[in-house]
Amino acid sequence: MTPDQRQQFFERLQAANPHPGTELHYHNTFQLLMAVMLSAQSTDRRVNQVTQPLFEQLKTPADVLALGLPALESALRQLGLYRTKARHVYATAQILEQHHGGLVPATREALQALPGVGRKTANVVLNVAFGQPTMAVDTHIFRVANRTGLAPGKTVLAVETTLLQVIPPSFLNHAHHWLILHGRYICRARKPDCGLCPVMDLCATGGSLV
DNA sequence: ATCCCGAGGG
DNA sequence: CCCTCTGGAT
């Protein structure tokens, strides 16, 4: 894809979603971190169903510790990987309480040192909560980048590096959500809706997946 | 490479 | 039944 095509690509995704943002529900940075941790291999729709009642009680790491691990695990039962997620969220709350004054750290190093927080989750928090121009490559973005030819790569890190190089700077801050929304609703994994795709003429598949 | 692991869609 | 969903740890 040429630089001009990439410019077109994001201009059209922007036109389709003028004010993109995460579809995860949260009221503060700690809840954002928790919601992103819970979103692994789960639809954010289900994450929101789980967090909607839960976040009325859990507003701080101390609230998580007060709830206790067994009750937390029980509250997360509807999510896949729920035992692992409960353990990680609880252990993360402990560390935030003991070493970060109950706050979510704003550096990649400190974030990825938290149990259950890897590069992708750290990138989301750094971008959404702290406004940094990171590129969190999730299942949607990995697929869209490869399928369209925007940023082909065999690993998520390779795709992340390429995306940071090829995305026009003015689009970088919101590129994460534009690519996610495109992958979630149009460039779907199983049955992509090329008929509704605003960038079909720029795509490496040329709409041949329909 | 494998495990974790519920729910929805096809 | 199989595939997929804003992954991370071992």
Side-chain angles (χ1 to χ4, degrees), chain A residues 13 17 20-26 29 31-55 69-70 72-96 104 108-130 132-148 150-151 153-160 163-164 167 172-193 209-210:
Chain A
L13 293 191
N17 271 294
T22 178
E23 295 188 341
L24 293 170
H25 297 163
Y26 63 97
T29 304
Q31 290 186 343
L32 170 66
L33 171 62
M34 189 169 157
V36 177
M37 291 175 72
L38 298 182
S39 71
Q41 301 293 283
S42 303
T43 61
D44 61 351
R45 190 165 162 181
R46 181 144 306 276
V47 172
N48 289 334
Q49 287 177 9
V50 168
T51 57
Q52 181 176 6
L54 197 58
F55 279 175
L69 182 52
L72 178 62
E73 182 175 306
S74 173
L76 301 183
R77 254 175 319 187
Q78 293 180 301
L79 295 171
L81 318 179
Y82 71 97
R83 280 191 285 261
T84 305
K85 289 175 181 175
R87 196 160 19 88
H88 285 162
V89 166
Y90 190 81
T92 285
Q94 286 182 313
I95 294 175
L96 294 182
V104 176
R108 171 185 306 288
E109 294 71 26
L111 283 168
Q112 291 189 202
L114 301 169
V117 179
R119 187 176 184 88
K120 180 259 172 181
T121 298
N123 277 334
V124 173
V125 172
L126 288 171
N127 181 338
V128 175
F130 300 112
Q132 295 188 33
T134 60
M135 259 305 313
V137 177
D138 61 10
T139 181
H140 293 302
I141 296 183
F142 186 78
R143 177 180 66 253
V144 171
N146 274 294
R147 184 184 277 171
T148 61
L150 172 67
K154 293 176 182 174
T155 68
V156 291
L157 188 57
V159 169
E160 175 184 332
L163 282 173
L164 287 172
I167 294 173
L172 192 52
N173 260 22
H174 296 294
H176 170 68
H177 289 123
W178 280 318
L179 292 171
I180 290 243
L181 293 170
H182 184 62
R184 179 176 299 163
Y185 296 114
I186 296 178
C187 195
R188 297 183 294 245
R190 203 180 290 199
K191 190 184 170 191
D193 197 347
L209 296 180
V210 187

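Only this structure's heavy atoms are used, side chains among them; waters, hydrogens and symmetry mates stay out. Lettering follows sequence order; numbering is per chain, from 1.
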With rounding to whole Å, what would you report as the distance between B:dA1 and C:dT6 at their P atoms?
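Pairwise P distance, B:dA1 against C:dT6, rounds to 24 Å.
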
For B:dA7 versus C:dG8, give the span between their P atoms, rounded off to a whole number of Å.
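Comparing P positions in B:dA7 and C:dG8 gives a spacing of 22 Å.
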
I'd like to know if the side chain of A:N146 and the backbone of A:F142 have a donor-acceptor N/O pair within less than 3.5 Å.
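Present.
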
Remember a base hit wins even if backbone is also touched, and classify [X] as base, sugar-phosphate or nothing at under 4.0 Å, heavy atoms.
X: A:T121; value: sugar-phosphate
X: A:Q78; value: sugar-phosphate
X: A:T139; value: sugar-phosphate
X: A:A136; value: nothing
X: A:L179; value: nothing
X: A:R188; value: nothing

Going by ring pair (Phe, Tyr, Trp, His ring centres under 6.0 Å), name the residues that satisfy it together with A:H174, two or more places apart in sequence or in a different chain.
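Result, ring pair (Phe, Tyr, Trp, His ring centres under 6.0 Å) vs A:H174: A:W178.
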
Tell me which of A:V117 and A:S42 sits closer to the 5' end of DNA chain C, going by the nucleotide each one is nearest to.
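Nearest nucleotide further toward 5': that of A:S42.
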
Closest-nucleotide ordering on DNA chain C, the 5'-leading residue of A:G116 and A:G21
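Closer to the 5' end of DNA chain C: A:G21.
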
Beyond-backbone contact of [X] with [Y], side-chain heavy atoms, under 4.5 angstrom:
X: A:L163; Y: A:L150; result: yes
X: A:R108; Y: A:L111; result: no
X: A:T51; Y: A:M34; result: no
X: A:L81; Y: A:Q41; result: yes
X: A:L79; Y: A:S42; result: yes

I need the residues from residues 79-92 of chain A with at least one non-hydrogen atom less than 4.0 Å from DNA chain C; give them sorted by number, or say none.
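The answer is A:L81, A:H88.
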
Walking along DNA chain C from 5' to 3', note the first and the last nucleotide with an atom under 4.0 Å from a heavy atom of chain A, and give both.
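The footprint of chain A covers C:dC3 to C:dA9.
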
Taking all heavy atoms of A:R184 and all of A:E23, pick out the closest pair and write down the distance.
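Here A:R184 and A:E23 meet closest at NH1-OE1, 2.6 Å.
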
I want to check one thing: is the phosphate of B:dG6, taken as OP1 and OP2, less than 4.0 Å away from some side-chain N or O of A:R46?
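Looking at the OP1 and OP2 atoms of B:dG6, neither is under 4.0 Å from any side-chain N or O of A:R46.
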
Residue met sooner reading DNA chain B from 5', once A:R77 and A:R45 are mapped to nucleotides:
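That would be A:R77.
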
Side chains of A:R46 and A:T43: is there a donor and an acceptor less than 3.5 Å apart?
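Checked: A:R46/A:T43 side chains show no N/O donor-acceptor pair below 3.5 Å.
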
